[in-house]
Each structure stands twice: as C-alpha cells, then as structure tokens.
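One structure below.
By convention in this document, chain letters (A, B, ...) are assigned in the order of the sequence lines, proteins followed by strands, and residues within each chain are numbered from 1. Because only heavy atoms are used, hydrogens play no part in the values below, and waters and symmetry mates are left out as well, while side chains stay in.
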Amino acid sequence: GAVVSQHPSRVICKSGTSVKIECRSLDFQATTMFWYRQFPKKSLMLMATSNEGSKATYEQGVEKDKFLINHASLTLSTLTVTSAHPEDSSFYICSAGLDYYEQYFGPGTRLTVT
Amino acid sequence: DQQVKQNSPSLSVQEGRISILNCDYTNSMFDYFLWYKKYPAEGPTFLISISSIKDKNEDGRFTVFLNKSAKHLSLHIVPSQPGDSAVYFCAARSLSSNTGKLIFGQGTTLQVKP
C-alpha cells in the first residue's frame with residue numbers, strides 16, 4: 001500500500017524558534033499534499049493544500065506567514081512553523097493524494113513549544 | 001460551520017456485538033465519503049469509503065451505509081473486536097473540490113470491551 005512518512009515524529013523547541021516538518025510519499029508521486037492539525041480530543045483541521053511547484057492554498061484563519069509550506073517535488077512537502085509559540089504546540093499530520101479518491105496519511109508529528 | 005458532524009463523542013460495545021458509528025453532513029455537494037480509524041499519536045488509517053451514487057459498501061467486517069436524503073452515513077462493525085478500539089473519523093469530499101480536500105467530523109472514540 002501507499003506509504004507516507006513524516007519527520008520528525010516528535011520535536012520540542014523553544015519559543016521564538018522555527019521548526020520544519022517533512023512529509024514524504026515513499027512509493028508514489030503525490031501531486032497534492034495536505035497539512036492538518038489536531039488539537040487534543042478534537043477533529044483534524046485542514047490547514048492548507050499544497051500542489052507541487054505552486055503556492056499552497058491556506059484555509060481560512062490559518063496564517064500563511066506563520067505556517068510556511070513548500071512542495072518542492074512530487075514526493076516531498078515541508079511545513080515550517082516560524083517563530084513558534086506555546087499555542088502552536090499540537091499534533092501535525094500530513095496526507096498525500098494518490099488521486100482524487102485516495103489520500104494517505106503520515107504518522108504525524110508532535111510539536112511541543114516551551 | 002461544522003459541515004460534517006459526529007454527534008456521539010464516544011461509544012462502548014461488548015466484543016462480538018455490532019458497533020454503529022454515525023455521521024451527519026450538511027453540504028449536498030459532498031460526493032464521496034470515507035471512514036478513517038486513528039490511534040493516539042498516529043495518523044489516520046483508511047477503512048472504507050462510499051460514493052454518493054451508492055447506498056452501501058461492504059468490506060469484511062466493515063459496512064458503510066449512506067442515506068442521501070437524510071444526509072447521514074453510518075459505519076457498522078460486525079463483530080466488534082478489542083483491536084477495533086480507536087477513534088473513528090468520517091470525512092467527506094466535495095464535488096466542487098478539484099484537489100480532493102477532505103472535511104472531517106469530530107471523531108467518535110470506540111471502546112470494545114472483551
């Protein structure tokens with residue numbers, strides 16, 4: 001089956017620093033990747049949709065200057081949380097679209113900002 | 001505006017019995033529905049899906065029913081097993097989305113007791 005990896009799985013950073021999270025589709029090319037955020041005991045909140053080679057489309061209320069998304073290739077998308085603050089602490093999950101119908105999720109990244 | 005709703009935050013069933021998880025939606029443009037299973041600190045795993053042109057889809061112990069007139073879908077797990085204990089999310093995709101963007105419900109935590 002299609003495999004999506006995320007790195008790192010856990011990261012702890014100090015307030016004010018930036019953190020980069022990588023999402024890779026390991027055995028297929030994904031023209032579209034999605035970034036989600038999950039708060040404790042809450043649903044998955046779509047943050048942005050990224051297409052290879054073009055700018056990401058952000059959902060309403062998501063700061064594009066704070067959450068920088070780069071989709072440099074068909075197998076890699078990165079999310080950079082800039083100037084992280086404690087309220088950015090969350091579980092970030094990416095998914096990669098194989099086609100319109102099939103979407104595979106990464107294992108998630110736990111970000112803790114101290 | 002919660003377009004996909006799972007009104008039951010939790011469900012507890014006995015091993016071997018049927019688990020029924022419910023999901024309601026408001027957007028009549030949704031044309032494809034999916035169920036995902038999620039363990040803590042992991043990404044969602046795809047379970048089963050259904051197109052809006054069908055009213056039932058079955059895969060082993062999992063069956064999804066769609067009632068378009070009521071804008072309601074349900075996931076039946078028979079027989080339930082302790083390993084099914086997890087959070088279940090329903091998700092929907094809009095016909096108007098060309099990216100495959102998913103809208104998730106809040107999730108239902110299923111506990112299957114031995």
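- Neither the backbone nor the side chain of Gln6(A) comes within contact range of chain B; no heavy atoms are under 4.5 Å apart.
- Note on Trp35(A): it does not cluster hydrophobically with Leu68(A), by side-chain heavy-atom contacts below 4.5 Å among ILVMFWY residues.
- Nearest approach of Lys38(B) to Phe91(A), heavy atoms of both residues: NZ-CE2, 3.9 Å.
- For the pair Tyr36(A)/Leu102(B), a side-chain contact is recorded, criterion being any heavy-atom separation below 4.5 Å from C-beta on.
- Lys66(A) NZ: more than 12 foreign heavy atoms inside a 6.0 Å radius.
- For the set Pro40(B), Ala91(B), Gly105(B), the entry with the most heavy-atom pairs within less than 4.5 Å of chain A is Gly105(B).
- Tracing side-chain contacts under 4.5 Å through hydrophobic residues (I, L, V, M, F, W, Y), one never reaches Tyr58(A) starting from Ile103(B); they form parts of separate clusters.
- Closest non-hydrogen pair, Phe104(B) versus Ser43(A), comes out as CB-OG, 3.4 Å.
- The part of Ile93(A) that comes within reach of chain B is its side chain, from C-beta onward, which places non-hydrogen atoms under 4.5 angstrom from that chain.
- Neither the backbone nor the side chain of Tyr39(B) comes within less than 4.5 Å of any heavy atom in chain A.
- Linking ILVMFWY side-chain heavy atoms closer than 4.5 Å, directly or via other members, places Phe34(A) and Val62(A) in two distinct hydrophobic clusters.
- A 6.0 Å sphere centred on NE2 of His7(A) holds no more than 12 heavy atoms belonging to other residues, nucleotides or ligands.
- Looking at Leu34(B), the atoms closer than 4.5 Å to chain A (heavy atoms on both sides) all sit in the side chain, from C-beta outward.
- The local environment of CD1 in Ile18(B) is crowded, with over 12 non-hydrogen atoms from other residues, nucleotides or ligands closer than 6.0 Å.
- If you measure heavy-atom distances from Glu59(A) to chain B, the contacts under 4.5 Å come from the side chain alone.
- Under the 4.5 Å side-chain contact rule for hydrophobic residues, Leu66(B) and Leu47(B) share a cluster.
- For the atom pair OG1 of Thr57(A) and NZ of Lys101(B), the computed distance is 8.5 Å after rounding to the nearest 0.5 Å.
- Residue-environment remark: CZ (Arg17(B)) stays at or below the threshold of 12 foreign heavy atoms within 6.0 Å.
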Can you check side-chain contact (heavy atoms from CB on, under 4.5 Å) on Gln38(A) and Val87(B), steps first, answer last?
CA-CA 13 Å; Gln38(A) 186 183 27; Val87(B) 179; 5.9 Å; no

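- Heavy-atom pairs under 4.5 Å with chain A were tallied for Gly107(B), Ala41(B), Ser49(B), Pro44(B); the largest tally goes to Pro44(B).
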